[in-house]
Amino acid sequence: MQLGLVGLGKMGFNMRERVRRAGHEVIGYDRNPEVSDSESLADMVSKLEAPRVVWVMVPAGDITRNTVKELSELLSPGDLVVDGGNSKFTDDRVHADLLAKKEIGYIDCGVSGGVWGLENGYALMVGGDAAHVEQAMPIFDALRPEGPREEGFAHAGKVGAGHYSKMVHNGIEYGLMQAYAEGFELLDKTDVVDNVPAVISAWQRGTVVRSWLLDLLVRALQSDPELDDLRGYVEDSGEGRWTVEEGINNAVPLPVISAALFARFQSRQEDSPAMRAVAALRNQFGGHSVHLAGPSSGGGSTQG
């Protein structure tokens with residue numbers, strides 16, 4: 001079948017290649033003419049035969065909203081739009097209602113696989129009507145990992161369910177990464193363990209903590225055993241925040257995911273006001289040593 005693919009960045013570019021390898025025709029559009037197959041969104045749509053399926057793979061937020069709005073004016077009844085970006089699930093109903101006015105279908109699809117998806121396949125979590133999901137199933141089958149469909153693809157429910165599922169997936173990812181990171185720091189800090197990369201590598205087989213994330217940490221340590229080339233500054237792309245918000249909205253305790261999110265916030269503070277307050281309080285009630293700000297702050301200085 002044919003697929004229109006909007007957004008040929010780090011993931012979209014590889015997704016186009018994987019779908020093509022499965023024998024489908026992909027006509028992509030990207031603002032970068034060096035990778036684009038068409039001159040504009042309208043040009044891409046004009047090259048597709050009805051009923052069209054257009055996959056949107058652009059950053060969440062206004063860019064996705066504007067793309068869906070433009071597609072609503074270009075597509076025809078019976079066509080289908082798939083949002084495969086990391087949109088917030090609350091946007092999906094808005095997009096579906098907008099397209100429904102033109103009798104255009106809508107699916108939200110959470111996609112996991114990153115830059116490795118070209119070879120390994122992408123885990124897909126979709127939300128939408130069963131008829132729309134079936135319409136796009138050849139593309140889902142091309143993108144998902146090899147093996148049983150249910151081990152790499154899920155029709156999670158109605159519109160919004162796909163992005164909600166991916167949101168929770170990414171929240172779990174936050175917690176897993178934080179646990180590995182804290183374990184690495186403790187191993188690196190102690191003088192008991194001499195070869196930290198070897199220890200973490202040994203966890204890859206036979207242990208209950210083995211995972212693909214662990215494999216990626218081993219890969220990173222092979223090229224930079226102390227991770228000295230990196231600065232400990234970590235962004236968050238939104239899904240972790242939304243997961244914590246949903247935990248609050250549904251009275252579900254998420255202590256691990258919440259702590260991992262807050263750790264990312266803390267990583268961006270070169271000098272944390274909160275921790276300065278903690279240091280001041282410890283000094284006030286217990287006379288504990290504090291590190292003074294300034295050029296001569298190399299050691300502890302006891303106050304009072």
Side-chain angles (χ1 to χ4, degrees), residues 1-7 11-12 14-29 41 44-58 64 67-69 71-113 117-118 120-169:
M1 64 179 287
Q2 282 186 317
L3 177 70
L5 181 58
V6 185
M11 285 189 67
N14 284 345
M15 291 170 69
R16 176 177 63 178
E17 177 61 22
R18 186 171 175 89
V19 174
R20 284 177 174 173
R21 289 180 184 180
H24 303 292
E25 179 184 2
V26 183
I27 300 172
Y29 169 66
L41 206 56
M44 183 200 73
V45 170
S46 71
K47 295 176 178 177
L48 298 171
E49 299 176 4
R52 307 171 185 87
V53 177
V54 177
W55 189 300
V56 178
M57 203 69 192
V58 299
T64 293
T67 301
V68 171
K69 185 176 185 301
L71 285 171
S72 74
E73 298 165 353
L74 293 170
L75 296 175
S76 305
D79 292 346
L80 177 65
V81 173
V82 181
D83 178 8
N86 280 328
S87 295
K88 191 171 185 179
F89 69 95
T90 50
D91 287 348
D92 292 319
R93 189 71 263 167
V94 177
H95 293 160
D97 290 344
L98 172 66
L99 294 166
K101 293 176 182 178
K102 305 289 184 70
E103 299 182 39
I104 301 167
Y106 177 81
I107 292 173
D108 57 287
C109 181
V111 181
S112 181
L118 174 59
N120 299 338
Y122 302 86
L124 307 172
M125 300 142 269
V126 307
D129 293 342
H132 294 150
V133 174
E134 190 61 31
Q135 183 178 349
M137 190 59 76
I139 303 301
F140 295 142
D141 279 341
L143 287 169
R144 66 176 175 81
E146 295 181 7
R149 181 185 287 169
E150 63 271 15
E151 292 183 5
F153 171 87
H155 181 189
K158 60 187 178 183
V159 165
H163 282 145
Y164 197 100
S165 300
K166 179 58 165 38
M167 174 192 73
V168 175
H169 166 281

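A quick note: this is a predicted structure, and the numbers were derived from the prediction, not measured.
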Quiz item: Between D97 and K101, is there a salt bridge with N-O shorter than 4.0 Å?
Solution: no
Exercise. Among K47, E25, R52, find the residue that satisfies the side chain to side chain contact (heavy atoms under 4.5 Å, CB included) test when tested with Q2.
Key: E25
Exercise. Taking the side chain as every heavy atom from C-beta outward, state whether V111 and L124 have any atom pair closer than 4.5 Å.
Key: yes
Quiz item: Where is the tightest heavy-atom contact between V53 and M1, given as atom of each residue plus distance?
Solution: CG2-CE, 3.6 Å
Quiz item: What heavy-atom pair brings Q135 and P138 nearest, and what distance separates the two atoms?
Solution: O-CD, 3.8 Å
Quiz item: Can you tell if the side chain of H132 reaches within under 4.5 Å of the side chain of V126, non-hydrogen atoms only?
Solution: no
Quiz item: Quick one: CG on L99 to NZ on K69, what's the gap to the nearest 0.5 Å?
Solution: 11.5 Å
Quiz item: Which is it for M11 and N14 under the side-chain contact (heavy atoms from CB on, under 4.5 Å) test, yes or no, and what are the steps along the way?
Solution: CA-CA 5 Å; M11 285 189 67; N14 284 345; over 6 Å; no
Quiz prompt | Residue E103 excluded, over 12 heavy atoms near CD under 6.0 Å | solution = no
Quiz item: Would you say the side-chain atoms of S87 and D83 include a donor-acceptor pair closer than 3.5 Å?
Solution: yes
Quiz prompt | Contact summary for S72 and I104, nearest pair of heavy atoms | solution = O-CD1, 4.0 Å
Quiz item: Are V133 and F153 close enough that some pair of their side-chain heavy atoms sits under 4.5 Å apart?
Solution: yes
Quiz item: Between L143 and M15, is any pair of side-chain heavy atoms under 4.5 Å apart?
Solution: yes
Practice problem: Kindly give the heavy-atom pair with the smallest separation between V94 and T90, and that separation in Å. | Solution: CG2-O, 3.9 Å
Quiz item: So do the side chains of F140 and I107 get within less than 4.5 Å of each other, counting heavy atoms only?
Solution: yes
Exercise. Could you walk me through whether V159 and H95 pass side-chain contact (heavy atoms from CB on, under 4.5 Å), step by step?
Key: CA-CA 10 Å; V159 165; H95 293 160; over 6 Å; no
Quiz item: When you look at V45 and L71, which way does the side-chain contact (heavy atoms from CB on, under 4.5 Å) test go after all the steps?
Solution: CA-CA 9 Å; V45 170; L71 285 171; 4.1 Å; yes
Quiz item: Are any side-chain N or O atoms of H163 and backbone N or O atoms of G85, one a donor and one an acceptor, separated by less than 3.5 Å?
Solution: yes
Quiz item: More than 12 non-hydrogen atoms from neighbouring residues, nucleotides or ligands closer than 6.0 Å to CD on E150, yes or no?
Solution: yes
Self-check item: Straight-line distance of M167 CE to M125 CE, nearest 0.5 Å
Solution: 12.0 Å
Quiz item: About how many Å separate NE2 of H155 and OG of S165, when rounded to the nearest 0.5 Å?
Solution: 10.0 Å
Quiz item: Is there a donor-acceptor contact under 3.5 Å from the side chain of R18 to the main chain of A142?
Solution: yes
Quiz item: Looking at V54 and V6, what are the two nearest heavy atoms and their distance?
Solution: CG1-CG2, 3.8 Å
Exercise. Over all heavy atoms of both residues, which pair between L5 and M44 is shortest? Give the atoms and the distance, please.
Key: N-SD, 3.8 Å
Quiz item: Would a 4.5 Å heavy-atom cut-off, applied to side chains only, mark F89 and D108 as touching?
Solution: no
Exercise. Tell me, yes or no, whether the heavy-atom count around E146 atom CD, taken from other residues, nucleotides or ligands under 6.0 Å, exceeds 12.
Key: no
Practice problem: Would you mind reporting whether L74 and L41 have side-chain heavy atoms less than 4.5 Å apart? | Solution: yes
